[in-house]
Amino acid sequence: MHKIQQTYTVLSNKKVCPRYYHLSLDGGKLPQNIYPGQFVHIRVREGLEPFFRRPFSVFRARKTVDILYDVVGQGTEILSSKGKGDRLDVLGPLGNHFALPDKNIRQVVMIAGGIGVAPFLIFSDYLKSHKAEKTLLYGGRTKAHVFDFKPFVRNGCDVHVATEDGGAGIKGRVSRLFSKIRKDPESTVIYTCGPKPMMAAVQDFARKHRLPGQASCEEVMACGLGACLGCSTKTHSGYKTVCYDGPVFDLQEICF
Amino acid sequence: MHKIQQTYTVLSNKKVCPRYYHLSLDGGKLPQNIYPGQFVHIRVREGLEPFFRRPFSVFRARKTVDILYDVVGQGTEILSSKGKGDRLDVLGPLGNHFALPDKNIRQVVMIAGGIGVAPFLIFSDYLKSHKAEKTLLYGGRTKAHVFDFKPFVRNGCDVHVATEDGGAGIKGRVSRLFSKIRKDPESTVIYTCGPKPMMAAVQDFARKHRLPGQASCEEVMACGLGACLGCSTKTHSGYKTVCYDGPVFDLQEICF
Amino acid sequence: MNLSVKIGTAVFPNPVTVASGTFGHAEKYYRLEEVKKLGALIPKTVTLHAQEGNPPPRIVETPAGMLNAIGIENPGIDVFIRQKLSLLQNINVPLIISILGHSDDQFLKLTEKLNKAEGVQALELNLSCPNLQKKVLVAQDPRATSRLVQKVKKVSRYPVVAKLSPNVTDITVIARAAAEAGADGVSLINTLTGMQIDTKSRRPVLGNITGGLSGPAIRPVALNMVYQVAQRIKIPIIAMGGIMNADDALQFIMAGAAMVAVGTFNFVNPRAPLDVLQGIKAYMKKQKIQDIHQLCGSVIAP
Amino acid sequence: MNLSVKIGTAVFPNPVTVASGTFGHAEKYYRLEEVKKLGALIPKTVTLHAQEGNPPPRIVETPAGMLNAIGIENPGIDVFIRQKLSLLQNINVPLIISILGHSDDQFLKLTEKLNKAEGVQALELNLSCPNLQKKVLVAQDPRATSRLVQKVKKVSRYPVVAKLSPNVTDITVIARAAAEAGADGVSLINTLTGMQIDTKSRRPVLGNITGGLSGPAIRPVALNMVYQVAQRIKIPIIAMGGIMNADDALQFIMAGAAMVAVGTFNFVNPRAPLDVLQGIKAYMKKQKIQDIHQLCGSVIAP
Ligand SMILES: Cc1cc2nc3c(=O)[nH]c(=O)nc-3n(C[C@H](O)[C@H](O)[C@H](O)COP(=O)(O)OP(=O)(O)OC[C@H]3O[C@@H](n4cnc5c(N)ncnc54)[C@H](O)[C@@H]3O)c2cc1C
Ligand SMILES: Cc1cc2nc3c(=O)[nH]c(=O)nc-3n(C[C@H](O)[C@H](O)[C@H](O)COP(=O)(O)OP(=O)(O)OC[C@H]3O[C@@H](n4cnc5c(N)ncnc54)[C@H](O)[C@@H]3O)c2cc1C
Ligand SMILES: Cc1cc2nc3c(=O)[nH]c(=O)nc-3n(C[C@H](O)[C@H](O)[C@H](O)COP(=O)(O)O)c2cc1C
Ligand SMILES: Cc1cc2nc3c(=O)[nH]c(=O)nc-3n(C[C@H](O)[C@H](O)[C@H](O)COP(=O)(O)O)c2cc1C
Ligand code: FES
Ligand code: FES
C-alpha cells in the first residue's frame, strides 16, 4: 500500500568505534530519493517487541543506504545483531531535509553532539561542490564516541573534536569549539543535531550572534508519517511533528 | 527462589529428521533427578514473545538433558535457532512420571504418535534391566517424521513403524501395529503418548482387552508448577492439572 | 464473492477500514490505487475549532501496545473541509468522518457543516476520547449517549455511528442506548485509559499524565466487547482494538463485527489494512464462503 | 532501610507479595528460605464449598499477556484450612487469605472459619472474579461493595482488603465505597474481561468463552487505576497488574501503592518476586531513600 515501505538486505553492519555501528543496506533505488536530514524508520524485527519502528537519520546514501547508530536499548541492540544477508522492513525516506546554503554563504558550520553527527556525512556529500568553508564541530562524551572522520575530511570539512573527558580532541563540551565559528550573520550558517541541552546552547549562541541555522530534532515516534501526531515538539509556532514537519526546523523556532 | 529454575548451556541442537530437532543441554546435576515422563519448561527467549514458557518431555537424561521437538510455531522456531553455547532458562524436572512396570510384566508396549515418542527413550533407558519384552509402536504422519530408532534398539526395544502415507514402515495409522500387543492383562502393560485421537484409540483397545496402561497428556501450560490451574484436563475423577497431577495418568482415567 | 457491507444507507465495498487517528497523509506516502481498495477511511477526529493538542511527550511504547495522549490535535472543521476533505475525496474511497463536539451544540454544528460538504458516506461520533480534560465521557453515560445520538440523527443527512469507550462497567448498556436512539452503527473500542511513570525522573511519561492504551495488548478486551454488544443489538459494529492481521480481523467478524479497522498497527506495518483485506478473501475462498455476512457473528458458542 | 508496611493492624516486613491464583506448591518447588523473604503471600482464592472450576481450555497466551478462566477451582475452606494453611504457615511468611463467597452470608461464614484459624494476617475479599457466571460483580456496584465490606469488617478479627475489578467505569467510586465502609485496604486490579476466537474452528478458545486478561499487556491500565485511587482514598493499596520487575513495581509504588504483587509473571519467571524486592532495595540505596514510605505516592504530577 505504501510507496515507501520496502524490505532491504543488510550488506554490512560494523562497529566503527566502541559506541557506534555503521549499517549498510542494499537500498535499490532508494538512495537517489534521499536528501540530507531525512530519516528511515526501521522495523528491527518481526513481532511485537519492540513495538514501534526505530527512526535513524540517513548517514550516507550513495549506492547503499547507510545509518550510524548507538546501541542504547532493545531496538538498537537487536539491530546490532544483524548481519550480511538479513532483511529489514524499512519506511523511507521520511521527513524534510536541511536547506542547502545559499551561494553567498562562506562558512557552513555543522555542530554535532554524539550520534547527532549521523546526518552530516550525507550533508557534506551534498555540500562538496559548495564553495563555502565547511566546519564540523563534534562533541562526544568519551573517546569511545569518536570514530574515523576521514570521510568528512575527504568531503572538504575541517573537523574539530571535543570530548567531555578529554580522551580525544580538546577537553570539554562542544561549545568550547564555538570559537571556530565566524560570527557573520550574512555569510555563516549553522546546522546542528544532538542532545537537547547541546542544541539549546547552539541556539543561544546563534541568537546572540544573529547567525541563521537549522536544527534536526528527535522525539519518540510511532508512525513516522505524520499520521499519529505523536512525535510533536513544541515550537514558537505551536506543536509540530518531528517526523513530518521536521525533523529539521529553523534553529530559533524550537522550544528546547 | 526456585529450586528448579536454572540456566543451562546448549551443547548441541540438531535436526534428526526433516521434522524433528534434538537439543542437548549441559544439565549439571539435573539429569540424576529426572524420571521418565517428566518434562522441562523452557523460556525460549527473554522478553514477552512468546509469553509463556514451552514444555517438553525429557527425551534423555544421562550426562546431558535432551529434548526432541517438532517445530510447530514461534516458540519451537526460536528454539531451533539456538546453537552451542546459547543459554536457556529452564524449569525442571516437572510433573510426575511413568510407573515402572512390575516384575511380572512380560511385555511393555510403548505406543507413540509423532513427537509423542519423546518420553520413551528415557523410559527405555530405565527399562534396560527389566526382563520384559519392550515394544515401541511408532506412528508418524510421513517419512519426514521418522528418525533413527537405533538408541531404542540398543535399549532392547522391538521397534515397529507405521506412517500414514506409507513413506516408512507399514502404511496406515499406528493402530495397524496393535497386532504386536499381547492381549494378556496380567503380563502386558501399555504406555502411550501422542495426539488425542490416537491415545483415544489406544484407550479403546486397552479397555477392550483389559490391558492396564498409562498415558502422557498435553495441554497448553502457563506455570508448569501446578500453581495456576490452567492446564487442567478432564478425567473421570474431575479436572486434573497436566503439569502437576500429570502429565502421566492412568490410561482409563482420561476423558479424551 | 460478496464483501460489501452496509451501515444504514451507506454501502462499503468491503469491511476493512482504518481507525480514526491512525492513518494520514495518504496523498504523500501511499499508492492511492492501493488505498482505494479499502472499504472506507476514517480520518482523525475533527472538532469545531482547531485544537493544538496535548503537550509532549504524547506517546510511549508499552508491552505489545502504546499509550497516546494526542488530545485531538486538528485544524477544526472548516479547514478540514476546505483542505483535507478534497485530498481524501481524490482517493475515491468511502469516507466516514469522525467528529467530536465539546457540547451537544458543537456536535450539531459539525454535522451541519458536513451536511453541506460532499463525498462523505457516514459520520462517526467520537463519544469516547479519553485524552481531554473531562471527568465523564459521553460514552460513559447511557443517557448522554442516547440524547446526543438522537439529536445528531435528526440533523444528519448521513448514517451515524457512535464510537464507544471500553472504560465502562457494561458496554452493552451504552451500545443499546445508542441503538435505541437511532444510531446506524457503533464503533468499538476506543482506547483504555492508562499511564506510565519514568522511575528515574518520577514523572508520568506522558505530558498529559494519562493516555489511551491501544494495540494488540488490548485485543482480547476489544473482542469480548464486540462479542457482548453483538449479542444485544442488531445495528452493525465497526470493530477495532489491536487488529494486526486477517486472523485478528476474522475473530472480530466472527464475534459479530460488520467492519474491522486497523488502528495502531498501521504504525508498525502500514501494509496491514491491505494484508487484512487479502487475508479475509483468502480465508473465504478456502472455506468456500460466498458472502461476508455468512461469517459475521458466526462464532460457535453455547 | 525501612521497607515495612502496614495494612490496618497487620505489619508486613516489605511491600512485595504475589497475586492470588498465581503462586502455589511452594513447599515442593521453592527454596522456602527465599520465599520467606517476601512481604506476604496471597494464596489462590478459597470459597466455602469446593469448586471444580471451568472446563478446559482454561488459559491462552495473548500479546504480552494471557487470558484465564480457571473458575476459582479450589478445595473449599475446610480442606484449605486443614491441609494447605499449615503448609503455608510453615514457610513463616505473612499470609493474606483471599476469599470469595457467592453471597454475603458465605463471605461471613468464610470469615468466621478463618477467625478460628491461626497464622493469618489479613483477608482479601475477592469481589471481582470475572470467570463465574454472574452478571454483575460485587466490585462493579458501590453499594454492594460497601455493604459487604461493612458486614465482613464487623466479624473479622483480621484487617480486610477489598479486591477490585478494572471492569468498571470509575474504579475510584468503588474504592471509596470500600474505604468508607471500613476496608483496611484495597487490592487492584483483578483481570480485564477478554476473549479469543480460534478462526479455524470458529469457537472461543476458552472453555468458558470469556476469561480475564492479565500480564504486562494490562500494566498501563492497572497503573492508572492505582494512581487514580491513590488520589482519592487514604487506605493502603495492594497493586498488581503486569508487574515483571522492580521498575514496574516502583511505578506502582510511586503512583501510590503500599504493596505490590507479582501475578502472571510468576509463570514466566518464578524468580520475579524476589527480583522485584532486590530491585526496590537497590533503587532505594542508589537514591538514598531510607524509608519506603518516602517513595509511596511520590510521583511528581501537576
Ligand atoms: C529523526 C530521528 C533520527 C534519529 N537518528 C538516529 C541516528 O542516526 N542514530 C542513532 O543512533 N539514533 C538516532 N535516533 C535515535 C534512535 O531512534 C533511538 O536511539 C532508538 O530509537 C532507540 O531505540 P532502542 O530500542 O535501542 O532504545 P529504547 O529502549 O527505545 O530507548 C533507549 C533510550 O532512547 C530513547 N529513544 C527511544 N526512541 C527514541 C526516538 N525515536 N528518538 C529519540 N530517542 C529515543 C528512549 O527515550 C531511551 O532514553 C534518531 C531519532 C529520530 C527521531
Ligand atoms: C507435558 C508436555 C510435554 C511435551 N513434550 C513435547 C516434546 O517432547 N516435544 C515437542 O515437540 N513438543 C512437546 N510438547 C508440545 C510443545 O510444548 C508444543 O509443541 C510447543 O509448546 C509449541 O510451541 P510453539 O510456540 O512452537 O507453537 P505455538 O505457536 O504455541 O502453537 C502451535 C501449536 O501447538 C499447540 N500447543 C502450544 N502449546 C502447547 C502445549 N503446551 N501443549 C500442547 N500443544 C501446544 C498450539 O495449540 C498450536 O496448535 C509437550 C507438551 C506438554 C504439555
Ligand atoms: C495515536 C492515536 C490517535 C488516535 N486518535 C483518535 C481520534 O482522533 N479519534 C478516535 O475516535 N480515536 C482515536 N484513536 C483510537 C483508535 O481509533 C482506536 O479506536 C484505538 O486505538 C483501538 O484500536 P487499535 O488498538 O487498533 O489502535 C487514536 C489512537 C491512537 C493510537
Ligand atoms: C491464572 C490466574 C488465576 C487467578 N486466580 C485468581 C484468584 O483465584 N483470585 C483472585 O483474586 N485473583 C486471581 N487472579 C488475578 C490475579 O491475582 C491478578 O489480580 C491479575 O492477574 C492481575 O495481575 P497480573 O497481571 O500481575 O497477573 C488470577 C490470575 C491468573 C492469571
Ligand atoms: S510519529 Fe506519527 S506523527 Fe510523527
Ligand atoms: S500450567 Fe499452571 S497448573 Fe499446570
Side-chain angles (χ1 to χ4, degrees), chain B residues 1-7 33 38 41-55 73-75 88-96 196 217-246 254-256, chain D residues 18 21-26 28-38 43-44 50-74 205-207 211 214-217 242 244 262-275 277:
Chain B
M1 185 144 102
H2 241 266
K3 286 192 220 167
I4 43 145
Q5 182 177 13
Q6 289 281 345
T7 304
N33 303 318
Q38 289 193 294
H41 208 27
I42 301 183
R43 191 166 179 193
V44 297
R45 77 167 164 212
E46 276 196 38
L48 304 178
E49 206 180 12
F51 187 63
F52 289 158
R53 287 168 179 266
R54 295 292 189 256
Q74 191 190 29
L88 285 172
D89 175 351
V90 177
L91 290 181
L94 301 177
N96 69 357
K196 278 185 189 177
C217 295
E218 286 191 9
E219 282 292 338
V220 172
M221 287 183 181
C223 69
L225 304 170
C228 72
L229 307 178
C231 65
S232 293
T233 197
K234 202 170 177 180
T235 75
H236 292 295
S237 42
Y239 295 126
K240 300 278 179 191
T241 58
V242 168
C243 72
Y244 192 84
D245 302 318
I254 304 163
C255 312
F256 286 116
Chain D
V18 289
T22 65
F23 185 90
H25 294 297
K28 176 157 178 185
Y29 286 127
Y30 288 76
R31 288 202 189 89
L32 297 184
E33 66 275 25
E34 300 271 275
V35 177
K36 220 162 67 179
K37 293 180 184 165
L38 295 180
K44 176 85 188 161
Q51 290 189 185
E52 68 161 358
N54 288 324
R58 291 179 173 183
I59 53 172
V60 60
E61 273 179 316
T62 67
M66 68 180 284
L67 286 168
N68 91 76
I70 309 299
I72 312 287
E73 176 179 333
N74 81 95
V205 173
L206 295 176
S214 64
M244 333 188 259
V262 177
T264 301
F265 216 68
N266 281 307
F267 309 154
V268 178
N269 179 19
R271 230 180 338 240
L274 275 191
D275 288 352
L277 179 57

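The structure displayed is predicted, hence computed values, not measured ones. Just so it is clear: chains get the letters A, B, ... in the order the sequence lines come, proteins before strands, and each one is counted from 1.
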The interface call for D/Pro63 against chain B, heavy-atom contacts under 4.5 Å, is neither
So, the part of D/Asn269 with a heavy atom under 4.5 Å from chain B: the answer is both
If you tally heavy-atom pairs under 4.5 Å between each of D/Gly53, D/Ala64, D/Gly24 and chain B, the highest tally belongs to D/Ala64
TODO: Inspect the contact between D/Lys37 and D/Glu34 and indicate whether a charged nitrogen and a carboxylate oxygen are less than 4.0 angstrom apart.
DONE: yes
Here the pair of heavy atoms bringing D/Glu52 nearest to B/Tyr239 is O-CD1, 3.0 Å
Check your understanding: Hey, is the main chain of B/Gly92 close enough, under 3.5 Å, to the side chain of B/Gln38 for a donor-acceptor pair?
Key -> no
Side-chain donor or acceptor of D/His25 paired with backbone N/O of D/Tyr30 under 3.5 Å: no
Heaviest contributor of heavy-atom pairs below 4.5 Å to chain D, chosen from B/Asp89, B/Leu229, B/Leu94, is B/Leu229
Okay, B/Ser232 and chain D: the region with an atom under 4.5 Å from a heavy atom over there is both
Turns out that what part of D/Lys44 lies under 4.5 Å from chain B's heavy atoms comes down to side chain
Of D/Pro216, D/Pro43, D/Ala26, the largest count of non-hydrogen pairs under 4.5 angstrom with chain B goes to D/Pro216
Give the C-alpha distance, both sets of side-chain angles, the deciding distance and a yes or no for salt bridge (Lys or Arg N to Asp or Glu O under 4.0 Å) between B/Lys234 and B/Glu219. CA-CA 11 Å; B/Lys234 202 170 177 180; B/Glu219 282 292 338; over 6 Å; no
For B/Asp245 and B/Asn96, the nearest pair of non-hydrogen atoms, with its separation, is O-ND2, 3.0 Å
